[in-house]
Asker: 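Dropping the structure in here first, questions after.
Residue numbering restarts at 1 for every chain, and letters A, B, ... go by the order of the sequence lines.
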Amino acid sequence: MTQTVFIEAINHATKEEMRKDSNVFIMGEDITLSVYGATQDLLSEFGDTRVLDTPLSENGFVGAAVGASLVGKRPLVETVSSFMWVAMDQFISQAAKMRYMFGGQAKLPVTFRVSMLYGSGAAAHHSDRNYPMFMNMPGMKIIVPSTPADAKGLLKTAIRDDDPCIVFEDGNLYGTRGEVPDDDDHLVPFGVASILKPGTDVTIVAIAGGVIHALAAAKELESQGVSAEVIDPRTLVPLDKKTILDSVEKTGRLVVVDPAHKVCSAASEISSIVAQEGFWSLQAPIQKVAAEQVHIPYSQALEKLIYPDKDKIISAVNNTLES
Amino acid sequence: MTQTVFIEAINHATKEEMRKDSNVFIMGEDITLSVYGATQDLLSEFGDTRVLDTPLSENGFVGAAVGASLVGKRPLVETVSSFMWVAMDQFISQAAKMRYMFGGQAKLPVTFRVSMLYGSGAAAHHSDRNYPMFMNMPGMKIIVPSTPADAKGLLKTAIRDDDPCIVFEDGNLYGTRGEVPDDDDHLVPFGVASILKPGTDVTIVAIAGGVIHALAAAKELESQGVSAEVIDPRTLVPLDKKTILDSVEKTGRLVVVDPAHKVCSAASEISSIVAQEGFWSLQAPIQKVAAEQVHIPYSQALEKLIYPDKDKIISAVNNTLES
Amino acid sequence: MDINKDILVLMLERMWLIRNFELKVMEVHSAGEFAAAAHPYIGEEAVAVGSCLALKDTDYIAGNHRSHGHPIAKGGDINRAMAELYGKVDGYCKGKGGSMHLADFSIGILGESGIVGSSVPVATGAGLASKIGGDDFVSMVFFGDGASNQGACHESMNLASVWNLPVIFLCENNQFAVTTSFKDTVAVDHVSDRAAAYNMPGVLVDGQDCIAMYEATVQAVDRARKGEGPTLIEGLTYRYEEHSLGLGRVRRGEYRSQEDIDEWKKRDPIHIHQERLISQGILTTEDCKKIEDDTMKRCEDAVEFARNSEFPKPEEVFEDMWANPIPLP
Amino acid sequence: MDINKDILVLMLERMWLIRNFELKVMEVHSAGEFAAAAHPYIGEEAVAVGSCLALKDTDYIAGNHRSHGHPIAKGGDINRAMAELYGKVDGYCKGKGGSMHLADFSIGILGESGIVGSSVPVATGAGLASKIGGDDFVSMVFFGDGASNQGACHESMNLASVWNLPVIFLCENNQFAVTTSFKDTVAVDHVSDRAAAYNMPGVLVDGQDCIAMYEATVQAVDRARKGEGPTLIEGLTYRYEEHSLGLGRVRRGEYRSQEDIDEWKKRDPIHIHQERLISQGILTTEDCKKIEDDTMKRCEDAVEFARNSEFPKPEEVFEDMWANPIPLP
Ligand SMILES: Cc1ncc(C[n+]2csc(CCOP(=O)(O)OP(=O)(O)O)c2C)c(N)n1
Ligand SMILES: Cc1ncc(C[n+]2csc(CCOP(=O)(O)OP(=O)(O)O)c2C)c(N)n1
Ligand SMILES: [Mg+2]
Ligand SMILES: [Mg+2]
């Protein structure tokens, strides 16, 4: 175990997997000078055939990654959530649909690393938290790490996985630290939620950057005598329903924390699953704590108001307890 | 009132609004020869300045419609759900975000008519029912008519509305008939659900093409002594929560029928709202009846299996009644 | 260019195979044996055949909605192609893809795409893999005159050029996108003129002449294998039939004249090649007739094969989603 | 071209206004008065000023992330621009947009876009509206060398050409997209060469010379107003500062040499124009100094204005979503 910063853990995972398998290569904008912070020293170690600065053509290079994956390569692509819109067709029509459409002939071991840079005045064009849209479309595995160890272990699993994976990296976590196993084969499996804090009174399922707020809320609640269980699904596709349903069976109460816009969010989905499959465990209304349904305002006086935070989570928990 | 076919009702709405307001113009692929069926005789009546066949450049012309709307025109654009992927950036980054991002300066009276052509062997590339993704992103009004009268009245409201509207037209309804008011000002307001069949035992909320299956199910259930209330929200943004919550308060049971993929669907959203705000009315688990989370297979032996249909709805209703 | 006699004959055979395949498809489609969209390639056979025969089995192609000609030209199995159109398990995609998504990865057919322009980046990626891996395969992508206006084409051609990828961009200019003339939608006279915007050769070819297509492609392949980068080839051609089967019943009005169609039919690609082979003494009229008949017989057999194949079982709807499976929600 | 003296002086004034605005922005940004991204336009002033002064107030512009120069060149209010950067209510977008989304619809500034290339179709649409309405306004869009590789540019230029729209595509080629040289990403020598792919004039202009920019734009505007269609203008220029404020601390390594920067600074657009005005006897050195100082003073006042403006109130976060409001979920 080594204390590692989240974004370094991503860099380490990339290097280890590139060393291990020469079919892995990486492309993205300005990655050789590591402008987004996760790709440092890749060029010097792996050379410019495997580390490619791309033109500003996301649809083109996302599609190129898909095509390269079809014929035996394992591309890793770096981009930003808000730049996925211009490349949407290649994500949806090709990456997601190809295997099924071709009756299983296609294998697409391609991984997309996508930063979500919200929360720091980047405004509407740079602040998307758009994993729920990708959950709606079958065919892509959706990964949302919340700790450095998971960032590393899930990315490594994604690179070795034979299906299209999108790792949504929460920019608010890039600077966080944590213990990361030194093992080169530290893999975190998909579809296994982690219980970050056990508890008995209420279940808080939290996603990506929502996790730190949930943990802070749980801590404060603990001091008020409320025992919250905090669950991080870690992957949204596949989703570990069982851990969530088991927890709700125990606590009878559910709060879902999601930094995405609240309508048709991951929180909506998890709520709907529990309302169907865990209904009889529920002793109170399910609370969704997600971003307000407005765009991301630039002004710091406004922006933070719209995301889930500790206080909103605590009040949602209190709502479930009062009922 | 005149008996009108759904797709004709769309044509009539278009003509009436183009006659009424010379700022309304229409563009799309092969619309002058009405290849998709809804644009016949527009060219002859309105001429080629207001009826534009576009190049195959959806991102380009969706953006052009947005731009034209900013400076006083009221563009109407025809396209297909699956072709939205290539134009996603203009839908999201511009149409949806612009007004808020510019502090309310922009007014975007642009309407997109989008056909969803699923259910007839069009396979994965032509069968998207993707309104849930657009619900997740604030900034666009999402319209899902299920009758000819609504198709006409909602489209007219959309064209007169000053915000970006997307009318998702369910191709399975194009050939259906119904009474349509003759009034040139037949407008159906946004955010007002319609109760297509009153009932007392269970609430069925059904969307777009799901409505006919829900009505068929309700009819069959009636004969089995079960009184189902069938609600069509008609618009998903804005969503008429109140009508749904009131109904569930009465029936205690909810089934949501959505032809979209079930994860992060409109059904998920409606379930989550009721699980939060209508929880105490519920006497049974909420049932989501939506498309299976696989792509749309071509073979007719497979395709119909994945959508909601009468039998699936009846069995979902029975599930809620048994509990 | 000195072209091997076997190849010259194979050209004729493949063109007939496509033509007869499409004729059978039209026949069984109008008889209602399957109902979904299909886009006949009749009239354009020389484009796919001439270009594909310049490739090896280990080279890749990707295509579009007008999707039967490309895989057949590359050597695909017409039984599996036809069974796919019928939505049967023996189809190329086990009935999951249908007409617009034929694919045979085992012989380099990376699949057709229903979204116009969408396979262009994908094929470019196969070329990128070739370069990264130091392999010598090339990748070729078919797209229409209409598709040339998609951003995906622009981005891909630029990428292939700056990265010097072994990619051949093969534009099938059949004059129309559905009912819209390319003259009204493409701002230049020839799609191939756009090569200038990417610093690559742009070659305008008579798409009714399979040898001209073959020669242009051989040169592009040669260039690509030598590491000299991509080429844009435009095959000028014409589609004889409706954009897609049944569209004639739907559209309101005409977009091209019967004279135009007749004019183009005078330069039928099969006829041109057949006459040439006969005049060069390579084949007799009887040989040609035999090829026509044999290929028709094979297409009839393909229909039989498709009819006799099973529909997929209901549970198969859940298969083929993932290479490393996960539980379905 | 005979250019009115007032315009020549206004050019200098606007360039100084942009330069000093950016200098103040850099100063207050590094002092931590606001933290968000901002992309300085220093070195490129002649491009926006020369081109915008060829437009009327009723003409439209749209821009990109390098976003302060365009609105100021078009006559925007620097107080409101600065207040926007501070996230204050008196900002152009009431604090909702920030640096990358300045807009002033009242004088034809349709807004800057953070998504690269994304405003190009929008501006094309304003041109379409002009044509449909039989109006005579034109629409101009600024985009970078990097943006030229986006599909949106291709689609828009083609659209504007086939529809003959009054649109000016103004490529600011400052040699780099963040750290990536356009030579490594644009497959042609000059972005303006791509005009050939759209059958429109492609004009390569010295972007350090505001008169050259003005003249090229006047011609394009003239063409556009006459209904002769779009023009692609490439202004060759250079950005003196980092891509965005603070990026220097982040990136690992250099992508351009100090010599290059120094070389370009020798052809400073303000200096060039100032020398010219002085040598032509239009202004004295003192006049120029006064313009420099006055504009700096105005920028200082803008900072004061911004500092004194209020932050938006919490409830404002829910405003400005809809023109015809609906209840928020
Ligand atoms: C992105 C997208 N837009 C529109 C369509 C509908 N469509 C299918 S084929 C076609 C015309 C294509 O024309 P072209 O590229 O010239 O190919 P051709 O059919 O002539 O072979 C259109 C508009 C589509 N499938 N995908
Ligand atoms: C679609 C998209 N991709 C990537 C980015 C990140 N980005 C912002 S500016 C920029 C470079 C733009 O270069 P250019 O168009 O030449 O404009 P310049 O910054 O040089 O003025 C990049 C890559 C973005 N904002 N949008
Ligand atoms: Mg065509
Ligand atoms: Mg640049």
Asker: Apply side chain to side chain contact (heavy atoms under 4.5 Å, CB included) to B:L282 and B:W280, showing your working.
Answerer: CA-CA 5 Å; B:L282 286 169; B:W280 298 112; over 6 Å; no
Asker: Where do B:A214 and B:I204 come nearest, in terms of heavy atoms and distance?
Answerer: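 That closest heavy-atom pairing would be CB-CG2, 3.8 Å.
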Asker: Please look at B:L254 and chain A and tell me whether the side chain, the backbone, both or neither of the residue comes under 4.5 angstrom of a heavy atom of that chain.
Answerer: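 Neither the backbone nor the side chain of B:L254 comes within 4.5 Å of chain A.
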Asker: Has B:K107 got more than 12 heavy atoms of other residues, nucleotides or ligands less than 6.0 Å from its NZ?
Answerer: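 Count not over threshold, so no.
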Asker: Answer yes when A:D201 and A:R253 have at least one side-chain N-carboxylate O distance shorter than 4.0 Å, and no when they do not.
Answerer: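 So A:D201 does not pair with A:R253 through a salt bridge.
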Asker: Among A:G278, A:S271, A:A87, A:A275, which residue forms the greatest number of heavy-atom pairs with chain B at distances under 4.5 Å?
Answerer: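 Of the options given, most contacts go to A:A275.
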Asker: Side-chain contact, heavy-atom cut-off 4.5 Å: B:V257 with B:V205?
Answerer: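 Sidechains of B:V205 and B:V257: no contact.
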Asker: Might you point out which heavy atoms bring B:D163 and B:R99 nearest each other, and give the distance in Å?
Answerer: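 Closest heavy-atom pair between B:D163 and B:R99: OD1-CD, 4.1 Å.
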Asker: Heavy-atom cut-off 4.5 Å, strictly under: side chain, backbone, both or neither for B:A123 against chain A?
Answerer: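 When you check distances to chain A, no heavy atom of B:A123 falls under 4.5 Å.
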Asker: For chain B, find its close neighbours in residues 285-294 of chain A: heavy-atom separation under 4.5 Å, sorted by number, or none.
Answerer: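 Under the 4.5 Å heavy-atom cut-off, A:P285, A:I286, A:Q287, A:K288, A:Q293, A:V294 qualify.
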Asker: Please classify the contact between B:Q283 and chain A as side chain, backbone, both or neither, with a heavy-atom cut-off of under 4.5 Å.
Answerer: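 For B:Q283, the contact with chain A is made by the backbone alone.
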Asker: Pull out the residues in residues 130-138 of chain B that come under 4.5 Å of chain A, heavy atom to heavy atom, sorted by number.
Answerer: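 Residues in range: B:P132, B:M133, B:M135, B:N136, B:M137, B:P138.
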Asker: Non-hydrogen atoms of chain B under 4.5 Å away: do they reach the side chain of A:N319, the backbone, both or neither?
Answerer: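 Looking at A:N319, nothing touches chain B.
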Asker: Would you check if the distance from the ring center of B:H126 to the ring center of B:Y118 is below 6.0 Å?
Answerer: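 No, ring centres 6.0 Å or more apart.
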Asker: A:T203 pairs by side-chain hydrogen bond (donor to acceptor under 3.5 Å, both in side chains) with which of A:T320, A:D246, A:T243, A:T251?
Answerer: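 Running side-chain hydrogen bond (donor to acceptor under 3.5 Å, both in side chains) over A:T320, A:D246, A:T243, A:T251 with A:T203 returns exactly one hit, A:T251.
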Asker: In a check of side-chain contact (heavy atoms from CB on, under 4.5 Å) between A:I143 and each of A:I166, A:V167, A:L236, which one passes?
Answerer: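 Exactly one pass, corresponding to A:V167.
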Asker: Counting heavy-atom pairs closer than 4.5 Å to chain B, which one of A:P297, A:A266, A:G139, A:S82 comes out on top?
Answerer: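 Greatest number of close heavy-atom pairs with chain B: A:P297.
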Asker: Could you report the tightest heavy-atom contact between A:V66 and A:Q90, atom names first, then the distance?
Answerer: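 Minimum heavy-atom contact is CG2-O, 4.3 Å.
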Asker: Please evaluate residues B:K97 and A:D128 with respect to the criterion salt bridge (Lys or Arg N to Asp or Glu O under 4.0 Å), reporting the C-alpha separation (whole Å), side-chain torsions for both, the decisive distance (0.1 Å), and the verdict.
Answerer: CA-CA 11 Å; B:K97 293 183 177 177; A:D128 291 291; 2.8 Å; yes
